[in-house]
Amino acid sequence: MSLDTRSIALGETLVAHVSNVTDEPRETAVKEKYDVQYQAETGWHSIFGTEMEQPLYNDLAYRHEPGEGFTWELRFTKEGLAGYHVCDSLDPGTYRFVYWGITAEKLENRGYAIGMPFAVSAE
């Protein structure tokens, strides 16, 4: 996982990448298995709201050749993420992008998450 930058201002776009860095093809889950979380005193919390204990996703696998993967472009505004519904307005602070679609044979093909923090400052 990588981010084009580890610090953005409100009004700017976060660009996140997950790519296969091995020499062999690898599989991931769907691109939609991501989250953006903010850091509060009580820990990390999603900016997206759901009343379900666990959101539902398609159980599909995507094959990525070496160097291939997914890219997300998310524009942060005071009102939220452009084009997405979020629970509350976004304030400057520490956030992280998390992708829940990584699989591993050693985990019997169960998914696990990778994430990377970044800072959001005022416009």
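The shortest distance between side-chain heavy atoms of R96 and Q37 falls below 4.5 Å. Side-chain contact check for L74 versus T13: every heavy-atom pair is 4.5 Å or farther apart. Contact of the E65 side chain with the N20 side chain is not registered, since no non-hydrogen atoms from C-beta on lie closer than 4.5 Å. Residues T94 and Y38 form no side-chain contact, since every pair of their non-hydrogen atoms from C-beta on lies 4.5 Å or further apart. Looking only at side-chain heavy atoms (C-beta outward), L90 and L81 come within less than 4.5 Å of each other. Contact of the Q39 side chain with the Y95 side chain is not registered, since no non-hydrogen atoms from C-beta on lie closer than 4.5 Å. Contact check for P25 versus R63: side-chain heavy atoms found under the 4.5 Å cut-off. Using a 4.5 Å heavy-atom threshold, the side chains of Y99 and F70 count as touching.
Considering CD1 of I8 and OG of S121, their distance stands at 8.0 Å, rounded to 0.5 Å. Atom CG of L60 and atom CD of E32 lie 9.5 Å apart (nearest 0.5 Å).
Contact between G80 and V86 at its shortest, heavy atoms only, is CA-CG2, 3.6 Å. In terms of heavy-atom proximity, P92 sits nearest to A122 at CG-N, 3.7 Å. Here the closest heavy-atom approach between residue A113 and residue W100 is recorded as CB-CE3, 3.2 Å. When all heavy atoms of L3 and P117 are compared, the pair lying nearest together is CD1-O, 3.8 Å. Nearest heavy-atom pair across F76 and L14 is CE1-CB, 3.9 Å. The shortest non-hydrogen separation linking V18 to I102 is CG1-CD1, 4.0 Å.
Under the 6.0 Å cut-off for aromatic ring centres, W72 and F97 qualify, their centroids lying closer than that. Taking the six-membered ring wherever Trp is involved, the centroid distance between the rings of F48 and H85 does not fall below 6.0 Å.
With sequence neighbours excluded, no residue forms a salt bridge (Lys or Arg N to Asp or Glu O under 4.0 Å) with D23.
Tracing side-chain contacts under 4.5 Å through hydrophobic residues (I, L, V, M, F, W, Y), one reaches V120 starting from V36; they form part of the same cluster. If you chain together hydrophobic residues whose side chains sit under 4.5 Å apart, V15 and F118 never meet in one group. Cluster membership check: I114 does not share its hydrophobic cluster with W44, using side-chain heavy-atom separations under 4.5 Å among Ile, Leu, Val, Met, Phe, Trp and Tyr.
Side-chain contact annotation: H64 with S19, donor-acceptor N/O pair under 3.5 Å absent.
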(request) List the steps, then state whether side chain to side chain donor-acceptor pair (under 3.5 Å) holds for H17 with T71. (result) CA-CA 4 Å; H17 309 275; T71 296; 2.9 Å; yes
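Under 4.0 Å is where a charged nitrogen must lie from a carboxylate oxygen, and between D91 and K78 at least one such pair does. Salt bridge annotation for E24-R26: absent, with no cationic side-chain nitrogen under 4.0 angstrom from a carboxylate oxygen.
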